[in-house]
Protein chains: 2
Amino acid sequence: MEKYEDNFESFLENFKNTVSKLGYKNSIQKDYILKILYFNDDHLSAEQIVAIAKTNYKVDMGIATVYRTVKFFEELNIVNSLDVGDGVKRYELNLSLHHDHMICTLCNKIIEFHDDVIEEQQKKVAKNSNFILKDHIMTIYGLCKDCQ
Amino acid sequence: MEKYEDNFESFLENFKNTVSKLGYKNSIQKDYILKILYFNDDHLSAEQIVAIAKTNYKVDMGIATVYRTVKFFEELNIVNSLDVGDGVKRYELNLSLHHDHMICTLCNKIIEFHDDVIEEQQKKVAKNSNFILKDHIMTIYGLCKDCQ
DNA sequence: TTTTATGCAAACATTTTGCAGTCAC
DNA sequence: GTGACTGCAAAATGTTTGCATAAAA
């Protein structure tokens with residue numbers, strides 16, 4: 001717990017420096033959105049971020065700010081957005097190596113995974129089609145352990 | 001060309017029988033939406049389907065009808081919807097074996113592909129997580145041959 | 001003639017935008 | 001003090017729904 005706190009603090013410091021260097025301004029909203037994404041390994045919607053800010057941190061935040069901020073984060077490549085298929089975008093911090101998702105069609109739980117074989121094969125497939133791979137998403141739908 | 005016509009005609013006949021058997025009613029709207037999806041290997045949005053109906057077939061169709069019809073088709077498993085990430089759902093006929101998509105981030109072209117290695121590996125990954133795989137989507141983003 | 005399908009418009013949900021005021025630097 | 005950021009409300013976007021009419025069986 002303490003360890004994560006520490007990690008987050010340095011991550012936040014680093015991020016704030018980047019923001020300043022780019023000529024943008026820091027704000028408590030940016031801080032809290034990062035904090036919320038950092039300490040919730042869920043994949044959160046804009047509305048959920050507002051709700052968590054309010055209940056867990058007693059911070060009121062306009063939803064427009066959340067949308068603008070996560071878009072800003074996406075451009076800086078520290079946040080990914082993902083489309084579960086229900087018409088609501090969810091956001092996750094882009095800290096670790098690339099990963100994909102398994103989504104339970106019953107309880108909507110999102111499980112992250114990474115597989116090198118698939119990653120490699122994707123590169124081959126792209127190459128075979130003369131396609132320059134920049135990114136990919138892969139989502140497996142099914143039943144999680146608990147819902148079977 | 002003639003061959004495809006023939007194929008489509010028998011496909012359509014077959015579909016119409018299914019609709020009748022299930023107690024639903026056939027309509028020219030259903031026919032045209034199928035026809036449009038069949039003869040356009042693009043992945044069409046509801047709005048595009050309405051536009052093509054109007055310009056290519058001189059058929060006016062309400063967009064609500066298109067949404068209802070593609071949902072109906074999805075339930076019968078003859079149409080898949082896909083989320084390119086721009087907030088607009090696109091629809092494709094589900095005729096062939098499973099395939100995935102490469103999307104060019106410049107010209108938005110959609111290229112279909114199928115790869116057995118990836119399919120197999122997905123099964124393994126799911127199994128390792130005690131996850132019962134039902135479906136998956138995989139989309140590769142990058143630059144197509146023409147846009148490089 | 002009964003039931004489903006259609007088209008329109010209104011409703012809806014999510015996301016974006018304009019603007020006036022606020023805050024960071 | 002300047003320029004970016006915020007929050008609100010309005011607008012925009014994509015999709016769904018209610019209802020009266022039309023068409024299929």
Side-chain angles (χ1 to χ4, degrees), chain A residues 12-13 15-36 43-51 53-54 57-76 79-91 108, chain B residues 12-13 15-36 43-54 57-76 78-91 108:
Chain A
L12 185 60
E13 271 325 297
F15 164 74
K16 284 180 159 185
N17 285 336
T18 309
V19 169
S20 299
K21 268 181 210 148
L22 291 170
Y24 299 110
K25 287 174 183 165
N26 287 294
S27 68
I28 56 160
Q29 287 83 355
K30 288 197 181 81
D31 294 358
Y32 274 105
I33 291 172
L34 276 188
K35 191 168 202 163
I36 288 166
H43 301 74
L44 302 173
S45 67
E47 219 162 324
Q48 288 176 308
I49 292 171
V50 171
K54 196 184 186 82
Y57 300 101
K58 314 290 174 214
V59 174
D60 278 308
M61 232 185 276
I63 196 151
T65 301
V66 175
Y67 279 113
R68 276 186 289 232
T69 305
V70 293
K71 183 166 286 180
F72 173 73
F73 288 167
E74 274 195 271
E75 279 156 15
L76 295 186
V79 158
N80 294 133
S81 74
L82 53 145
D83 223 311
V84 172
D86 62 351
V88 185
K89 273 189 186 158
R90 280 147 220 280
Y91 304 93
N108 289 315
Chain B
L12 184 60
E13 271 325 299
F15 163 75
K16 283 180 159 184
N17 285 336
T18 309
V19 169
S20 298
K21 268 182 209 146
L22 291 171
Y24 298 109
K25 289 172 181 170
N26 287 293
S27 68
I28 56 161
Q29 287 82 355
K30 287 197 182 79
D31 295 358
Y32 274 105
I33 291 172
L34 275 189
K35 191 168 202 163
I36 288 167
H43 301 76
L44 302 172
S45 67
E47 219 161 324
Q48 288 176 308
I49 292 172
V50 170
I52 293 175
K54 195 182 187 83
Y57 300 101
K58 314 289 172 212
V59 173
D60 278 307
M61 232 183 277
I63 196 150
T65 301
V66 175
Y67 279 113
R68 276 186 289 233
T69 306
V70 293
K71 183 166 286 181
F72 173 74
F73 288 166
E74 273 195 271
E75 279 156 15
L76 296 185
I78 60 169
V79 158
N80 294 132
S81 74
L82 55 144
D83 222 311
V84 173
D86 61 352
V88 186
K89 274 188 185 159
R90 279 145 220 282
Y91 305 93
N108 290 314

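Keep in mind it's a predicted model, so treat the numbers as computed, not measured. Below, read A as the first sequence line, B as the second, and so on, with proteins coming before strands; counting in each chain starts at 1.
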Euclidean distance, atom [atom1] of residue [X] to atom [atom2] of [N] [Å, nearest integer]:
X        : N       : atom1 : atom2 : result
Leu34(A) : dC5(D)  : CG    : P     : 14 Å
Glu47(B) : dG7(C)  : CD    : P     : 16 Å
Asp31(A) : dC5(D)  : CG    : P     : 13 Å
Asp83(B) : dT13(D) : CG    : C1'   : 14 Å
Asp86(A) : dT15(D) : CG    : P     : 13 Å
Tyr32(A) : dC23(C) : OH    : C1'   : 16 Å
Leu22(A) : dA24(C) : CG    : P     : 19 Å
Gln48(A) : dT15(C) : CD    : P     : 11 Å

So, using side-chain hydrogen bond (donor to acceptor under 3.5 Å, both in side chains) as the criterion, who are the partners of [X] when residues are at least two apart?
X        : value
Glu47(B) : none
Ser81(B) : Glu74(B)
Lys16(B) : Asp31(B)
Asn26(A) : Ser20(A)

Pair listing, salt bridge (charged side-chain N to carboxylate O under 4.0 Å, His left out) test, anchored in residues 82-91 of chain A, at least two apart: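 Applying salt bridge (charged side-chain N to carboxylate O under 4.0 Å, His left out) to every pair that reaches into residues 82-91 of chain A, excluding sequence neighbours, yields Asp86(A)-Arg90(A).
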
Side chains of Leu22(A) and Leu76(A) in contact at under 4.5 Å (non-hydrogen atoms):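 The answer is yes, as the side chains (C-beta and beyond) meet within the 4.5 Å cut-off.
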
Contact check, side chains of Ile33(A) and Val79(A), non-hydrogen atoms, under 4.5 Å: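 The answer is no; the side chains never approach within 4.5 Å.
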
Counting only side-chain N and O atoms of [X], is one of them less than 4.0 Å from OP1 or OP2 of [N]?
X        : N       : value
Gln29(A) : dG7(D)  : yes
Ser27(B) : dA23(D) : no
Asn26(B) : dA5(C)  : no

Val19(A) vs Lys89(B), nearer the 5' end of DNA chain D by closest nucleotide: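 The residue closer to the strand's 5' end, by nearest nucleotide, is Val19(A).
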
Residues touching DNA chain D, which here means a heavy atom under 4.0 Å, drawn from residues 62-72 of chain B: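 Within residues 62-72 of chain B, the residues near DNA chain D are Ala64(B), Tyr67(B), Arg68(B), Lys71(B).
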
Would you mind writing out the side-chain donor-acceptor pairs for residues 57-68 of chain B within the sub-3.5 Å range, not counting sequence neighbours?
from, atom 1, to, atom 2, distance (Å)
Lys58(B), NZ, Thr55(B), O, 3.2
Asp60(B), OD1, Lys54(B), NZ, 2.8

Check: Phe72(A) ring centroid to Tyr24(A) ring centroid under 6.0 Å: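 They qualify: ring centres under 6.0 Å apart.
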
Are there any protein N/O atoms within less than 3.5 Å of an N/O atom in nucleotides 2-4 of chain D, and if so, which ones and at what distance?
from, atom 1, to, atom 2, distance (Å)
dG3(D), N2, Lys25(A), NZ, 3.0
dG3(D), N3, Lys25(A), NZ, 2.8

